[in-house]
Amino acid sequence: MLSYRHAFHAGNHADVLKHFVLVELLRYFNRKDKPWWYIDTHAGAGCYALESEQAGKTAEFASGIGRLWQRDDLPAQMRPYLDALAQFNGHGRLTFYPGSPAIAMTQLREQDRMRLFELHPADAALLGQTFAHDGDRVLVRKADGFAGLRSLLPPPTRRVVVLIDPPYEVKDDYRRVVDTVADAMKRFPGGTYVVWYPMLARTEARQLPGRLAGLGAESWLDVRLAVSKPSRDGFGMFGSGLYIVNPPWILPEILEAAMPWLARNLGEDGNGAFDLEHHIE
């Protein structure tokens with residue numbers, strides 16, 4: 001299925017969690033001069049105009065990044081993420097929201113590389129246009145990112161962050177996520193693998209974190225942000241999470257400081273909550 005377009009959801013609560021953590025991961029990798037690779041299996045269009053018809057149709061950004069933009073009480077841990085967003089929004093107006101590849105680009109150095117996969121033909125074309133002038137460091141492929149990841153592991157550098165962020169429109173996405181992470185851990189055990197997942201009532205969504213935990217990574221972290229209570233009819237996403245294999249040792253401390261504030265400010269009617277579990281060798 002190729003009906004999913006992230007433009008309808010850009011800047012929502014799930015993007016806030018995902019991109020806040022992504023910035024912190026790459027900032028940690030930048031502590032050393034050695035190059036790193038960023039691989040995105042479902043890269044989307046790259047950047048999104050919040051005043052577009054697509055973004056305006058759902059206006060999910062209003063209850064996500066819109067609640068955080070230009071706040072003067074941000075936790076210090078969230079400032080780098082907001083600074084990254086500011087690079088796309090001049091004069092204090094929030095008009096663009098960068099997707100994961102554009103967020104990663106804010107941390108990219110001359111020696112680092114990005115490899116981006118997107119299967120949707122329209123979004124793949126937009127993604128290629130976004131990074132048309134960065135061909136020496138960024139490679140865009142219109143391809144299935146689940147399969148494409150295999151061809152890149154192990155990478156030339158021993159430092160890699162992989163974001164696996166499918167739309168989960170079909171049940172098979174849940175199986176493919178687990179199979180892809182299992183295969184990646186065999187091909188390159190030292191990689192940092194980040195899986196975004198939705199919090200839904202459906203069985204596959206509820207079981208996914210446990211299935212990922214069952215892969216047996218020695219170091220892992222699971223963080224979840226709920227912004228509302230599950231609906232009585234069982235429909236709709238009420239939060240999201242990130243399961244990370246081989247997270248930086250400093251990440252739990254960063255999340256413990258910032259997640260209570262995020263939960264309070266992104267939760268609906270006082271129903272914001274978070275969970276954080278980790279085991280880091």
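Since this is a predicted model, take the numbers as computed values, not measurements.
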Could you check Val194 against Leu22 for side-chain contact (heavy atoms from CB on, under 4.5 Å), going step by step and ending with a plain yes or no? CA-CA 9 Å; Val194 184; Leu22 180 59; 5.9 Å; no
Could you walk me through whether Trp249 and Ser219 satisfy the side-chain contact (heavy atoms from CB on, under 4.5 Å) test, starting with their C-alpha distance in whole Å, then the side-chain angles of each, then the deciding distance to 0.1 Å, before giving a yes or no? CA-CA 9 Å; Trp249 65 271; Ser219 293; over 6 Å; no
Using side-chain heavy atoms (C-beta onward) and a distance below 4.5 Å, is [X] in contact with [Y]?
X: Gln107; Y: Val23; result: yes
X: Tyr168; Y: Arg202; result: no
X: Glu277; Y: Trp220; result: yes
X: Arg224; Y: Pro209; result: yes
X: His42; Y: Trp196; result: no
X: Pro166; Y: Phe146; result: yes
X: Leu17; Y: Ser240; result: yes
X: Val245; Y: Leu212; result: no

Write down the atom of [X], the atom of [Y], and the distance for their closest heavy-atom approach.
X: Leu262; Y: Phe20; value: CD1-CD2, 4.2 Å
X: Phe96; Y: Cys47; value: CB-SG, 4.3 Å
X: Val16; Y: Gly11; value: CG2-O, 4.3 Å
X: Asp112; Y: Trp36; value: OD1-N, 3.0 Å
X: Tyr28; Y: Ile250; value: CD1-CD1, 3.6 Å
X: Pro252; Y: Leu221; value: CG-CD1, 3.8 Å

Would Leu26 end up clustered with Ile280 when hydrophobic side chains under 4.5 Å apart are linked, directly or stepwise?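 Leu26 and Ile280: one cluster.
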Check this for me: [X], atom [atom1], are more than 12 non-hydrogen atoms of other residues, nucleotides or ligands nearer than 6.0 Å?
X: Asp33; atom1: CG; result: no
X: Glu218; atom1: CD; result: no
X: Asp136; atom1: CG; result: yes

Please lay out, stage by stage, how Arg67 and Leu266 fare under the test side-chain contact (heavy atoms from CB on, under 4.5 Å). CA-CA 7 Å; Arg67 294 186 178 180; Leu266 296 186; 4.3 Å; yes
Inspect the contact between Lys186 and Asp183 and indicate whether a charged nitrogen and a carboxylate oxygen are less than 4.0 angstrom apart.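 No.
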Is Arg176 salt-bridged to Asp179, going by a charged N under 4.0 Å from an acidic O?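 The answer is no: the pair does not qualify as a salt bridge.
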Could you check Leu255 against Val21 for side-chain contact (heavy atoms from CB on, under 4.5 Å), going step by step and ending with a plain yes or no? CA-CA 8 Å; Leu255 292 174; Val21 172; 3.9 Å; yes
